[in-house]
**Q** 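Dumping the structure here so I can ask a few things about it.
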Amino acid sequence: MIVGHGGRESALGFRMAQHSELHAFMGHANPTLVRHARASGGSHALGNVCDPSAVAAFARERAIELAMVSADEPLAAGVVDALLAQGTPTVGPTRSGAEIEWNKAYARSLLGELAPDAMPELRVVRTPHEVDDAISFFGERPVAVKPSGLTGGKGVKVMGPHLADHVQAREYALSLLARRGGGDSVLIEEKVQGAEFTIQAISDGSTVVFPPCTYDYPFRFDGDRGPGTGGMGSLTMNGPTLPFMAMRHYEQACEIIDLVVERLARERRHFSGVMNSGFFATADGVKVIEFNARFGDPECMNIMSLFAGSWPDVMERICAGKLARGDVPLREEASLVLYLVSPDYALRTGPPYRFELDEQVMERAGCRVFFSSAVEVAERCFETVGTSRAVALAASAPTLARARERVVGCARAVPALEWRRDVGDEAYLEGLRGLLARQPA
Ligand code: GLY
């Protein structure tokens with residue numbers, strides 16, 4: 001059983017359906033999940049994915065043998081707790097295991113104990129007075145303002161791309177506190193200079209498997225311009241690192257993730273599934289941006305594109321607490337994911353937006369299609385639902401250039417949707433290499 005309806009769940013459901021009967025519980029009829037559930041002899045139902053009792057009832061009615069909960073809000077709502085309580089083996093942390101994501105103040109206090117050198121300087125503020133103190137503490141130094149709770153990946157604002165100066169940083173922090181937007185505290189942190197990478201670490205709560213680093217394109221427009229989004233695309237290189245970082249950054253990041261997973265176990269917080277951990281590679285080593293208690297979306301699709309085994313087997317090993325490093329075979333290739341979105345996406349709330357897409361032609365061209373916030377309205381005709389991204393295209397190949405060629409070739413066949421032209425392109429990668437050249441060895 002998969003719970004959720006994004007591109008991430010499409011990719012997981014696709015891998016599950018290859019080796020088992022897939023049952024999908026989702027908020028809208030995601031065409032990828034509907035298709036794979038049907039073809040595998042499974043089923044789907046629509047409902048509130050954040051309602052633990054509704055998800056648990058769906059699992060009971062179908063005698064589900066293995067489940068995965070992979071989105072932040074259902075995890076924070078305790079969906080895994082409800083499934084485990086009724087005896088459904090489930091991949092995903094309980095609400096207390098997922099606190100590492102839904103409470104950034106908690107995550108920072110943990111990190112402060114485990115790896116203080118990897119923590120940016122910060123202040124946790126709960127009152128307007130504390131906001132003023134924090135802003136004057138940082139003086140001229142640029143800051144990032146982060147709500148403590150969940151905001152769908154869109155709540156963090158940084159001086160430079162989002163906030164013009166400390167006056168705007170202060171106003172944003174005050175507005176978050178006033179509307180309790182994303183928890184009851186706000187983090188004001190020094191802005192770290194470096195390049196971002198994530199590791200989608202897979203764990204049974206004790207053993208941790210480390211795939212290659214992923215690089216995400218969070219901004220809406222080419223050249224990292226425009227508003228922040230859930231992610232317009234992502235890539236992995238053929239190898240563990242990215243062009244702007246050294247192996248020591250990767251190793252240090254993996255060590256920190258190991259420490260965090262070990263600590264959660266010691267605190268008796270049930271953690272299983274994916275610790276999607278965000279870092280900056282800097283001249284002084286890595287700095288932690290955040291921990292997410294589930295695969296990233298789109299980054300999950302990179303890992304599922306490279307995956308060369310049986311995902312239900314991996315789920316079984318995780319649920320049994322017997323995950324071994326060799327249990328997650330990944331092809332030694334590069335991978336690229338591109339989200340295609342409606343023209344309104346991240347800019348304004350528009351009406352449902354219609355587009356045509358031929359999945360079979362794309363799959364023959366070596367590209368996987370993973371629908372997200374869209375439903376099928378007629379043969380090869382789809383419509384967006386809600387305000388999120390419409391559909392992702394994913395490919396892996398021996399080189400990133402080859403993977404990109406496949407994905408871009410298919411994206412051009414959907415003229416109604418917009419996408420970033422610079423995801424994985426040579427000029428962008430050259431810019432990333434430049435970041436490494438500017439860092440002392
Ligand atoms: N792509 C960012 C996230 O899933 O959190």
Side-chain angles (χ1 to χ4, degrees), residues 2-12 30 49-50 68-76 92-93 97-104 107 144 146-158 161-162 182-183 187 195-202 211-221 224 226-236 242 253 257 260 273-280 288-305 335-341 345-346 370-373 386-394 419-420 423-424:
I2 183 76
V3 178
H5 40 246
R8 167 184 49 212
E9 285 73 29
S10 287
L12 291 166
N30 176 310
V49 296
C50 292
M68 182 155 184
V69 183
S70 48
D72 51 358
E73 288 181 336
L75 294 173
E99 186 166 359
I100 192 92
E101 173 164 10
W102 58 258
N103 181 355
K104 285 192 176 63
K146 305 179 172 185
S148 196
L150 298 179
T151 50
K154 292 161 201 143
V156 176
K157 288 195 193 291
V158 182
H162 312 115
L187 280 67
E196 291 186 36
F197 67 94
T198 57
I199 299 180
Q200 316 289 305
I202 299 166
C213 293
T214 46
Y215 184 81
D216 178 29
Y217 288 72
F219 294 100
R220 174 68 168 80
F221 296 118
D224 295 335
T229 73
M232 295 294 289
S234 53
L235 58 84
T236 59
L242 293 162
I257 298 170
V260 169
V274 177
M275 185 70 82
N276 161 19
S277 314
F279 300 90
F280 280 107
V288 175
I289 305 170
E290 64 186 0
F291 297 105
N292 295 309
R294 36 85 199 170
F295 265 126
D297 185 350
E299 297 91 330
C300 175
M301 292 178 268
N302 295 92
I303 307 305
M304 287 300 114
S305 299
S335 68
L336 189 128
V337 179
L338 188 62
Y339 255 120
L340 276 50
V341 300
Y345 173 61
F370 296 123
F371 281 97
S372 182
S373 292
T387 55
S388 195
R389 300 158 289 184
V391 59
L393 306 178
W419 43 282
R420 272 184 64 164
V423 174

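Just follow the structure's listing: the first ligand is 1, and inside any ligand the first atom is 1. Quick caveat: nothing in here was measured; it's all calculated off a predicted structure. For reference, positions follow the sequence shown, starting with 1.
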**Q** Tell me the contacting part of Glu299 for ligand 1: side chain, backbone, both, or neither, using a 4.0 Å heavy-atom threshold, strictly below.
**A** side chain
**Q** Taking side-chain contact (heavy atoms from CB on, under 4.5 Å) as the criterion, tell me which of Asn302, Leu393, Ile303 meets it with Val337.
**A** Asn302
**Q** Decide if the gap between the ring center of Phe197 and the ring center of Phe279 is smaller than 6.0 angstrom.
**A**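 They qualify: ring centres under 6.0 Å apart.
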**Q** Answer yes or no: does an N/O atom from Arg8 fall short of 3.5 Å to an N/O atom of ligand 1?
**A** no
**Q** Could you tell me which atoms of ligand 1, counted from 1 in the order shown, lie closer than 4.0 angstrom to a heavy atom of Gly296?
**A**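 Every atom of ligand 1 under 4.0 Å from some heavy atom of Gly296: 4 (O).
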**Q** For Asn276 and Phe295: C-alpha separation, side-chain torsions, deciding distance, then whether side-chain contact (heavy atoms from CB on, under 4.5 Å) applies.
**A** CA-CA 6 Å; Asn276 161 19; Phe295 265 126; 5.9 Å; no
**Q** Quick check on contacts: which atoms of ligand 1 are under 4.0 angstrom from a heavy atom of Gly230?
**A** 1 (N), 2 (C)
**Q** Working to the nearest 0.5 Å, report the span between CE of Met301 and OG of Ser335.
**A** 10.5 Å
**Q** Taking heavy atoms and a distance under 4.0 Å, where does Gln200 meet ligand 1: side chain, backbone, both or neither?
**A**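 The answer is neither.
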**Q** So is there a nitrogen or oxygen of Asn276 less than 3.5 Å from a nitrogen or oxygen in ligand 1?
**A**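 No: no nitrogen or oxygen of Asn276 is under 3.5 Å from one in ligand 1.
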**Q** Evaluate Arg220 against Val341 for side-chain contact (heavy atoms from CB on, under 4.5 Å), listing each step before the verdict.
**A** CA-CA 10 Å; Arg220 174 68 168 80; Val341 300; 3.9 Å; yes
